[in-house]
Number of protein chains: 2
Amino acid sequence: MSGPVTIRDVARAADVSPATVSRTFVRPEKVDAVTRERVLSAAARLDYRPNRAAQSLITGLTGNIGIVVPDLTNPFFPSVVRGIQSRAEELGYPVLLVDTGEDAARESELVTRLGRQVDGLVLCAARMSDEDLLSHRQQRPLVLINREVPGVPAVTFDNAAGIAQEVMHLKALGHVRIGYVAGPGTSYSSRVRQGAVTTHLAAAALTEVAVGSFAPSFDGGRSAAEKVLLANVTAVMVYNDVMALGLINQLAQYGVSVPNDLTVVGYDDIEFAAMANPALTTVRVPREEAGALAMSYLNALMTATGPAPEPPAQLKTEFIFRGTSVRVPLTGALAE
Amino acid sequence: MSGPVTIRDVARAADVSPATVSRTFVRPEKVDAVTRERVLSAAARLDYRPNRAAQSLITGLTGNIGIVVPDLTNPFFPSVVRGIQSRAEELGYPVLLVDTGEDAARESELVTRLGRQVDGLVLCAARMSDEDLLSHRQQRPLVLINREVPGVPAVTFDNAAGIAQEVMHLKALGHVRIGYVAGPGTSYSSRVRQGAVTTHLAAAALTEVAVGSFAPSFDGGRSAAEKVLLANVTAVMVYNDVMALGLINQLAQYGVSVPNDLTVVGYDDIEFAAMANPALTTVRVPREEAGALAMSYLNALMTATGPAPEPPAQLKTEFIFRGTSVRVPLTGALAE
DNA sequence: TACATTGATAATAACGTTTTCATAGCGAGC
DNA sequence: GCTCGCTATGAAAACGTTATTATCAATGTA
């Protein structure tokens, strides 16, 4: 009476059985048009909202989806989350978010816990092992962003193309010896990018100078500064923008000015890449789009009546030429 | 048999009734120690997990909490979310996150929708009206961050103190005519800070020059540049760090260098404030701590058997002297 | 000895849906 | 005209918990 309005109240108001009310919402085509109208208007009049818990109890579905990110304070992820979220909202899914703090073991455990609360998951840049990932995949629909594991649907970025564009850019600017500051070897995309760098530098007949692996943070970039200075190169490619910004910052401490003394290119195009001074030359990866696409896939998987889901998608990257890369100082023929 | 293990399976295994199993988890003190042990071990052996939906159905509680933020890509919020989340996790609450896209009307609607899925809410920098806020408060426990409404529990920052510190700092550096670049008038904390600026500048016998209101974004800060230049001041206080960074960036376009030609101070101490070059003088507000505290309050409200929740908390800010503020060029007595 | 009192457990009734399964009505085909 | 099949609906049985009430033994009290 006093409590929230139930399906029974609507049934009474529309003079039908509760079953018919339920059908009206779940399988509208199964109920006569005029009855349907009657039920709908009664429901609207009473402001009826189905009780999720009761639905869940019987269907076994929660109606929620989950997002897992390694570190929300890393500027890469909020955009991804936003992309997922806005698409999820369109589709009517509330979103459970979890931040694993970059801890692979914790990540796996949190996914297990979260798994019971959601009908599907989007895992961003998952740190856990392939095996763990595959075992979670057994449990419920899951799509990956920025990580590939055979047999698991994923949205990735065309990093090879992005790196290729940067290499071409540096070659066009006349650089020959090029340093690469890698991210952590444990990171999937770090390994992918490292591979692409080696491949494309070689293909362009340029010399790769490995500077080493560092944490994918501002401080990680900073700590690469000394080795960069010792590498005797005119240009450095850095695993990501945050590190590139850190590197540039520390380089300034050494009195080395970018781009005058050294060309630096980043990766990701985080918001602050454009805001830095000088603005960072980088490769844009469409993060929000990736999130939205992943959510669309997930939805397809979850509502899959039919057979296979679509193949993994690889999103195009875009090279962004800004202020931290310049033509190598003119020497020889041109300079004479 | 095949499906997930239910309370009934545990009851059978422990040779007690389902009711006793339930009690073992809900009110352990109500069941005999030896029985309890038997139930617990049976539950562990079978890897029993209570079905949330069934629990929800009868208790009317979801066990989830919700977070609402205006814009996740604003670097202020991820830290807050992280603070809430990590505390929530300790307390055993999964977290539903929603990003309102800075839209007050949407915000209110989303809170309504989200409200049905959670037992309590943390609203960060809520944009909606006091009335809407109060009406949502009727529905379920709710705590605010960075917004005050009489009668609603909140975690805020001691902005007056933060502003006072900045004013003192500028005075100590010898500045007299000081510009203030305000945030949007519709924002609660913008109004609060504006008020504090006026008060403390006056108290310090300094001259306030209002530069105008701008969007609280990098571009917002940029668009303030012309007016700042026309204000004929030696120092500018800016509503927040993102704007301050934008302002400095645009100033550079005008050939005005910070801090040599102009002192700029921000607010918030976002990550990039320290990373910028020169690093931004600002006021740190403990965002992660605020999130955690808000979550603790919320938990107290939700589990409140007793009477009133604790009073709203105001967190201390910390002045951070970095590179964008310098002593005003020496003139007069000292310079002769 | 009889009778409250307490403590531990069991039985059972919700909670609000969805989903068989059954049934009534009704037009079509033979 | 009788059955067949199809559509629209209702009745009732789940789903897995928690909360309420009842039962029963043990203990304390008069």
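A, B, ... follow the sequence lines: proteins, then strands. Residue 1 opens every chain. Hydrogens, waters and symmetry mates are skipped; everything else that's a heavy atom, side chains included, is used.
- For D32(B) and dT6(C), the CG to P distance is 19 Å, given to the nearest whole Å.
- Classification of R147(A) and D130(A) as a salt-bridged pair holds, one side-chain N sitting under 4.0 Å from a carboxylate O.
- The separation between K30(B) atom NZ and dT18(D) atom P is 16 Å, rounded to whole Å.
- Under a cut-off of 6.0 angstrom, the local environment of CG in D15(B) is sparse, with at most 12 non-hydrogen atoms contributed by other residues, nucleotides or ligands.
- For the pair R52(B) CZ and dC15(D) C1', the interatomic distance rounds to 17 Å; values are reported in whole Å.
- For Y48(B), the ring-ring contact (aromatic ring centres under 6.0 Å, His included) partners two or more places apart in sequence, or in a different chain, are F25(B).
- When the nucleotides dT9(C), dT9(D), dG10(D) are ranked by their closest atom to the side chain of T35(B), dT9(C) comes out on top.
- Proximity of V192(A) to E148(A): side-chain heavy atoms (C-beta onward) are nowhere separated by under 4.5 Å.
- A salt bridge between K316(B) and E289(B) is absent, with no side-chain N of the basic residue lying under 4.0 Å from a carboxylate O of the acidic one.
- Rounded to whole Å, atom C1' of dT6(C) lies 16 Å from atom CD of E29(B).
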Show each protein N/O and nucleotides 16-18 of chain C N/O combination with a separation under 3.5 Å, one pair to a line.
{"unit_1": "dT17(C)", "atom_1": "OP1", "unit_2": "Y48(A)", "atom_2": "OH", "d": "3.2"}
{"unit_1": "dT17(C)", "atom_1": "OP1", "unit_2": "N51(A)", "atom_2": "N", "d": "3.3"}
{"unit_1": "dT17(C)", "atom_1": "OP2", "unit_2": "I7(A)", "atom_2": "N", "d": "2.6"}
{"unit_1": "dT17(C)", "atom_1": "O5'", "unit_2": "Y48(A)", "atom_2": "OH", "d": "3.0"}
{"unit_1": "dT18(C)", "atom_1": "OP1", "unit_2": "Q55(A)", "atom_2": "NE2", "d": "3.0"}
{"unit_1": "dT18(C)", "atom_1": "OP2", "unit_2": "S22(A)", "atom_2": "OG", "d": "2.5"}
{"unit_1": "dT18(C)", "atom_1": "O5'", "unit_2": "S22(A)", "atom_2": "OG", "d": "3.4"}

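- Comment: R87(A) engages E90(A) in a salt bridge, judged by a side-chain N to carboxylate O separation of less than 4.0 angstrom.
- Contact annotation: T20(B) does not reach the phosphate of dT9(C) (side-chain N/O to OP1 or OP2, under 4.0 Å).
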